[in-house]
**Q** 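The structure under discussion is supplied below as C-alpha cells; questions concerning it will follow.
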Amino acid sequence: MDIRTLPERERQIYNRLRQKYSLTFDSLKIGDTTIRLLKVADLGEIIGDRDPFADVTQFPFWVKLWDAAIILSYVLTKIPGREGRTLLELGAGLGAPGLAAAASGFDVTISDYEEIIRDFQQVSAAASGLGDVKLTLLDWLNPPQLPAFDVLAGAEILFREEFFAPLLRVFAAYLKPEGVIYLAHDARRQSLPKFLKLAEKDYDIGVARQNYIKDGNPVSIIVNRLVRKGSGARGNA
C-alpha cells in the first residue's frame, strides 16, 4: 500500500499512528474487490508483557483479523438486494465485514468504542476506496441515538457475559422491525450458546457452520441469523 495515495486527512492519521505503532496492511479479497485493513504489526506494542490468555476479557480484540470476521465478510456480500440498504457493524475492530459490505453495495456504518479503533478504521476505509463509509463511536452501555438499520452484523463480539443484556438492548434499539442480524463466531466460543439462549426469547435464530483447514488446523465458524419473532423477515436478507 502506497501511503502517498491516501487522502490528506487519512495520511495524517496514518502518520500519527505510525509514531506509536509499527503498522502494516492486511489484504482481504472479496470477489473482485480487495479490502485493505490497517493494523498493528507487532501485538507486543499493544499488550506489552501481559499474557493475552490469562484474562480473555482484557485482550484487545480489535487488533486482529479474526477468522469469523473473514467468513462474515463473505456472508454479507452474498445477501441479495444489498444496494442502498443500511448495515451497522457492531464491535467492528478492524472493520472487515463492514468494509466488505460497503464494497458490495450496502450503506454502511462501522462502530466500536474507542477513538484509536476508529482511526484505524478510517485509514482502512480510505485505503480500500470506500470514502462513503460512516464511522461512529458506540458504547453498548450508553448507546447514542442512531437510526434503525436493515442489517446488524458482528464478528467475535460475545466475549464478556456482562455485555449480553446491553447488546440485546442495542439490537432492539437499532434493528428495523423486519431487519436481520448476522453474528459470526469461532465454534469454540463458549459464550455463544449462553448468549443465544437469552436471544431466543425475542428472536428466531438460524445457524450455519463453515468448516475449513487453515495452516494445517481445522477451523469451524458458526454464523447465526437472527430475526424478530413474528416479523416475517424471511426474504432478501
Side-chain angles (χ1 to χ4, degrees), residues 55-73 75-76 79 85-101 106 108-118 121 134-208 221-231 233 237:
D55 183 357
V56 69
T57 65
Q58 298 302 311
F59 184 83
F61 275 75
W62 67 271
V63 302
K64 179 178 170 60
L65 178 57
W66 298 95
D67 292 328
I70 296 173
I71 295 300
L72 184 58
S73 298
V75 168
L76 296 178
I79 296 174
R85 300 177 70 206
T86 58
L87 181 146
L88 172 66
E89 185 182 1
L90 296 163
L94 297 181
L99 293 176
F106 276 108
V108 170
T109 300
I110 291 177
S111 70
D112 219 306
Y113 68 100
E114 285 188 276
E115 291 277 4
I116 184 66
I117 304 175
R118 186 166 64 175
Q121 294 166 349
K134 304 175 189 69
L135 305 172
T136 189
L137 296 179
L138 202 168
D139 180 351
W140 299 350
L141 301 180
N142 186 26
Q145 290 286 343
L146 293 175
F149 294 82
D150 295 302
V151 178
L152 305 182
E156 297 295 5
I157 60 174
L158 302 176
F159 55 93
R160 295 180 66 173
E161 291 188 33
E162 61 265 36
F163 286 159
F164 287 2
L167 180 57
L168 288 171
R169 289 194 289 270
V170 165
F171 286 179
Y174 294 154
L175 186 67
K176 288 184 178 181
E178 294 190 355
V180 183
I181 302 166
Y182 288 92
L183 304 175
H185 293 84
D186 191 298
R188 296 169 297 180
R189 186 75 57 211
Q190 296 181 3
S191 54
L192 178 60
K194 299 175 184 178
F195 177 81
L196 295 179
K197 187 67 175 178
L198 294 175
E200 69 182 8
K201 299 174 184 176
D202 298 308
Y203 298 91
D204 292 323
I205 302 174
V207 59
I221 302 298
I222 292 177
V223 178
N224 292 108
R225 181 183 184 275
L226 290 70
V227 296
R228 285 193 176 96
K229 288 184 179 295
S231 70

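As the structure is a computational prediction, the values presented were derived from the model and not from experiment.
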**Q** State whether the side chain of Arg85 and the backbone N or O of Phe149 hold a donor-acceptor pair below 3.5 Å, judged by distance alone.
**A** no
**Q** Output, in order, the C-alpha distance, side-chain angles, deciding distance and verdict of side chain to side chain contact (heavy atoms under 4.5 Å, CB included) for Leu65 and Ile70.
**A** CA-CA 7 Å; Leu65 178 57; Ile70 296 173; 4.0 Å; yes
**Q** For residues Pro166 and Trp140, report the shortest heavy-atom separation together with the two atoms involved.
**A** CB-O, 3.8 Å
**Q** Taking all atoms of both residues into account, what is the closest heavy-atom pair of Ile221 and Ala184, and its distance?
**A** CG2-CB, 4.3 Å
**Q** Can you measure from CD (Glu200) to CG (Leu198) and round to the nearest 0.5 angstrom?
**A** 8.5 Å
**Q** From Ile71 CD1 over to Asp186 CG, what is the distance, rounded to the nearest 0.5 angstrom?
**A** 11.0 Å
**Q** Taking side chain as C-beta onward, heavy atoms only, is Tyr203 less than 4.5 Å from Ile181?
**A** yes
**Q** Is there a donor-acceptor pair closer than 3.5 Å between any side-chain N or O of Asp204 and the backbone N or O of Val227?
**A** no
**Q** Working to the nearest 0.5 angstrom, can you tell me the gap between Leu152 CG and Leu87 CG?
**A** 7.5 Å
**Q** For Ala69 versus Pro97, what's the shortest heavy-atom pair and its separation?
**A** O-CG, 3.4 Å
**Q** Provide the closest heavy-atom pair for Ile110 versus Gly95 in the form atom of the first, atom of the second, distance.
**A** CD1-O, 4.0 Å
**Q** Filter on salt bridge (Lys or Arg N to Asp or Glu O under 4.0 Å), then keep only pairs touching residues 63-73, sequence neighbours left out; what's left?
**A** Asp67-Lys214
**Q** On a heavy-atom basis, which atom in Phe171 and which in Arg228 lie closest, and how many Å separate them?
**A** O-NH2, 3.7 Å
**Q** In the structure I gave you, are the side-chain heavy atoms of Pro147 and Tyr174 within less than 4.5 Å of one another anywhere?
**A** no
**Q** Among all residues two or more places apart in sequence or in another chain, which pass the side chain to side chain donor-acceptor pair (under 3.5 Å) test with Glu115?
**A** Arg118
**Q** Which is it for Leu99 and Val108 under the side chain to side chain contact (heavy atoms under 4.5 Å, CB included) test, yes or no, and what are the steps along the way?
**A** CA-CA 8 Å; Leu99 293 176; Val108 170; over 6 Å; no
**Q** Could you check whether any side-chain N or O of Asn224 sits under 3.5 Å from a backbone N or O of Leu183, counting only pairs where one atom can act as donor and the other as acceptor?
**A** no
**Q** Of all residues at least two apart in sequence or in a different chain, which pass the side chain to side chain donor-acceptor pair (under 3.5 Å) check with Thr86?
**A** Asp150
**Q** With distance as the sole test, does His185 use its side chain to make a donor-acceptor pair with the main-chain N or O of Ala68 at under 3.5 Å?
**A** no
**Q** Is the backbone of Leu138 close enough, under 3.5 Å, to the side chain of Ser111 for a donor and an acceptor to pair up by distance?
**A** no
**Q** Quick one: list whatever passes ring-ring contact (aromatic ring centres under 6.0 Å, His included) with Phe164, sequence neighbours left out.
**A** Phe195
**Q** Looking at Thr109, is its backbone amide N or carbonyl O close enough to the side chain of Glu89 to form a donor-acceptor pair, meaning the two atoms are under 3.5 Å apart?
**A** no
**Q** Run the ring-ring contact (aromatic ring centres under 6.0 Å, His included) test against Trp62 and tell me which residues pass, sequence neighbours left out.
**A** Phe120
**Q** Rounded to the nearest 0.5 Å, what's the gap from NZ on Lys194 to CD on Gln190? Could you check?
**A** 6.5 Å
**Q** Search all heavy atoms of Leu94 against all heavy atoms of Val63 and return the closest pair with its distance.
**A** CD1-O, 4.1 Å
**Q** Using a 4.5 Å cut-off on heavy atoms from C-beta on, say whether the side chain of Leu226 contacts that of Tyr182.
**A** no
**Q** Under a 3.5 Å distance rule, please check whether Ser191 uses its side chain to pair with a backbone N or O of Leu158 as donor and acceptor.
**A** yes
**Q** Would you please test Leu175 and Leu88 for side chain to side chain contact (heavy atoms under 4.5 Å, CB included) and show each step?
**A** CA-CA 9 Å; Leu175 186 67; Leu88 172 66; over 6 Å; no
**Q** So, taking the atom named CG in Leu167 and the one named CG in Leu90, what distance separates them when rounded to the nearest 0.5 Å?
**A** 6.5 Å
**Q** Using a 4.5 Å cut-off on heavy atoms from C-beta on, say whether the side chain of Arg225 contacts that of Val180.
**A** yes
**Q** What residues form a side chain to side chain donor-acceptor pair (under 3.5 Å) with Glu114, not counting sequence neighbours?
**A** none
**Q** Considering only heavy atoms from C-beta outward, does the side chain of Asp202 approach that of Leu168 to under 4.5 Å?
**A** no
